[in-house]
Amino acid sequence: MRGEAEENVSSVLQPDANAIRRNFAYWKKLNVPTVWSPRAFFGNFGPCLLMQQSAESFFHELYKAADGERLVGYWVFDKPHVMIRDPELIKHVLVKDFDKFSDRLLSSSKSDAMGNNNMFLLKEPAWKPLRQTMSKFFTSGKMKKVFERMPDVAADLDNYLDNLGLKDEDCVIDITEMCYKFALDLIGVTTYGINMNSLTIPDAQFREKGRILKDFSDDELVAQAAIFYSAGFGTTSTTIMFALYELSKQPEIQIKLQREIQSALNLSENKCLSYDMVQALPYLDAVVWETLRMYPTVMSLDRISMDSYRFPGTNITIDKGTPVSIPLRALQMDPRYFANPDKFNPDNFYGPSNKSNIIKYTFLPFGDGPHICIGMRLGLMVVKYGLGYLMLKYSVEQCKETVPNIGYNVRSVFLSPSDSIVLKIKKIK
Ligand code: HEM
């Protein structure tokens, strides 16, 4: 008995060398190209796991190293993963063959009540009915209604900035913090119908409020609101923040945007940003899409094969349970698809001809197929309103504290800056 137990313990502690060897030979066996040799234990993912490299840099470097390949194999620990680089194959994985890739890789533990209701983590068959039920909260009619709650938050932003010293002159601020609070309150009023007051109350009291919201989460509907809330504010706050950073670098783009918003306001009856106005401004739209091209918060998508699957047009068949990644930021920064990809250029999305020139499945900031972001309409509305309001009342400029280039956080799977972004902000007189 004792001997058997000891053997079990030792087999848990000692990795099965044969299995690892088999896994490391897997892609060669399947004729899938690889560009990096796997290292013992971590595979290719060591620098990310050890927080020496951001996930963004990992996917981007792998994408570039595999130039010319439609797909490329790699290893996370000893588990073989495959990255799809080719737009046609991406269409198959996300849309056409969705039934073969209907789940994401990550799942929650059975005891995690919130995780078990989380649409990001939920598997088929539980995911589909929840998605159908929740979709009705994101219709354009619903968006129009919740839009009315946002101007109160904008007024709080003005007070917040006045309290930081902006009343009479310009000031230098950490826009990371400002955007985080602004988006937190905008998403709070639109998803919960509650102003979280992160712009108006001290941080400690705010954290207490957050705890109270968590306690509500036994109710499934409230749990969904909590998930939408957390999915919504990180994505929208970083999008507004990256847009402000790029606008501070190119004042001519900022002025063009401000003129567009001001002219629409001058022509309006009640002289405030309305739902229809925010939806209809083409340059604001182009600035937001260009921000999402360079800075997609979710920089890579993932799916898992539900069965063995032959990639169309190839002689490659992967086994059931193989993780598949789609490096959406790397695609959006590929010069074959977007000229001068490192330059922020809203003209990529300005005017019908430029938009229609974009090759399908090379621009996916909200994903695609049945798993496409359920909150896309809300996310776009919040970002457009937040950025539109800021550009109507304020200008942003670079200052000596502004980082010349943005680095990405090695602790986050989302695209977030490694350093605070500091800008000079001025009230428009
Ligand atoms: C700028 C804002 C946003 C961006 C860039 C964004 C991006 C994304 C992306 C890339 C995905 C994965 C799609 C896929 O796998 O094909 C996703 C999924 C999702 N997003 Fe968003 N998102 C944003 C805002 C929001 C908001 C405001 C909410 C909720 C209020 C939200 C809730 C969700 C949910 C629940 C999913 C999972 C959907 C599913 O699997 O059925 N997102 N989002």
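Ligands are counted one by one from 1 in listed order, and the atoms in each one are counted from 1 as well. Predicted model only: the values in this text are computed from it and were never measured.
- Ring-plane geometry between Phe242 and Tyr295 is classed as parallel, the angle between the planes falling under 30 degrees on a 0 to 90 degree scale with a further cut at 60.
- Using modelled atom types and a 3.5 Å distance limit, the side chains of Ser198 and Asp185 yield a donor-acceptor pair.
- Both the sub-6.0 Å distance and the 45° axial angle are satisfied by Arg293 relative to the ring of Phe338.
- With Gln332 as the partner, the side chain to side chain contact (heavy atoms under 4.5 Å, CB included) test is satisfied by one option alone out of Pro365, Pro341, Pro327: Pro365.
- Contacts between Met134 and ligand 1, counted as non-hydrogen atom pairs separated by less than 4.0 Å, are absent for every part of the residue.
- Within a radius of less than 2.8 Å around atom 21 (Fe) of ligand 1, the protein N, O or S atoms are Cys373 SG.
- Taking the six-membered ring where tryptophan is involved, the planes of His81 and Tyr74 are tilted, since the angle between them lies from 30° to 60°.
- Close approach to Thr239 involves these atoms of ligand 1, each under 4.0 Å from a residue heavy atom: 1 (C).
- Using cut-offs of 30° and 60° for the angle between ring planes, the Phe349 and Phe363 rings count as tilted.
- Residue pairs that meet the salt bridge (Lys or Arg N to Asp or Glu O under 4.0 Å) test with at least one member in residues 337-349, sequence neighbours left out, do not exist here.
- Between Thr191 and ligand 1, a contact under 3.5 Å exists for no N or O pair.
- A heavy-atom separation below 4.0 Å is found between Pro365 and ligand 1.
- The protein heavy atom nearest to atom 19 (C) of ligand 1 is Phe120 CZ, 3.3 Å.
- Below 4.0 Å from some heavy atom of Leu378 lie the following atoms of ligand 1, by number and element: 30 (C).
- For Asp368, every heavy-atom contact with ligand 1 shorter than 4.0 Å involves the backbone, none the side chain.
- Within the structure, ligand 1 lacks Phe233 among the residues with a heavy atom less than 4.0 angstrom away.
- Contacts between Met299 and ligand 1 below 4.0 angstrom, taking non-hydrogen atoms only, are absent altogether.
- Using bins of under 30°, 30° to 60° and over 60° for the plane-to-plane angle, the ring pair Trp127/His371 lands in the tilted bin.
- At least one N or O atom of Trp127 sits closer than 3.5 Å to an N or O atom of ligand 1.
- A cation-pi arrangement is present between Lys256 and Tyr283 under the rule of less than 6.0 angstrom and at most 45 degrees off the ring axis.
- With sequence neighbours excluded, no residue forms a side-chain contact (heavy atoms from CB on, under 4.5 Å) with Leu267.
- The protein heavy atom nearest to atom 12 (C) of ligand 1 is Arg104 NH2, 3.6 Å.
- Residues Asn357 and Asn348 have side chains that never bring a donor and an acceptor to within less than 3.5 angstrom of each other.
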Can you check side chain to side chain donor-acceptor pair (under 3.5 Å) on Ser57 and Gln53, steps first, answer last?
-> CA-CA 6 Å; Ser57 156; Gln53 183 183 26; 3.0 Å; yes
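- Listed by number with element, the atoms of ligand 1 under 4.0 Å from a non-hydrogen atom of Leu301 are 10 (C), 12 (C), 14 (C), 15 (O).
- Proximity annotation for atom 14 (C) of ligand 1: of Arg303, Met119, Arg131, Arg303 comes nearest, heavy atoms only.
- Using a 4.0 Å cut-off between heavy atoms, His371 contacts ligand 1 through both its backbone and its side chain.
- Residues satisfying the side-chain contact (heavy atoms from CB on, under 4.5 Å) test with Thr322, not counting sequence neighbours, are Tyr26, Trp27, Val82, Ser305, Ile318, Asp319.
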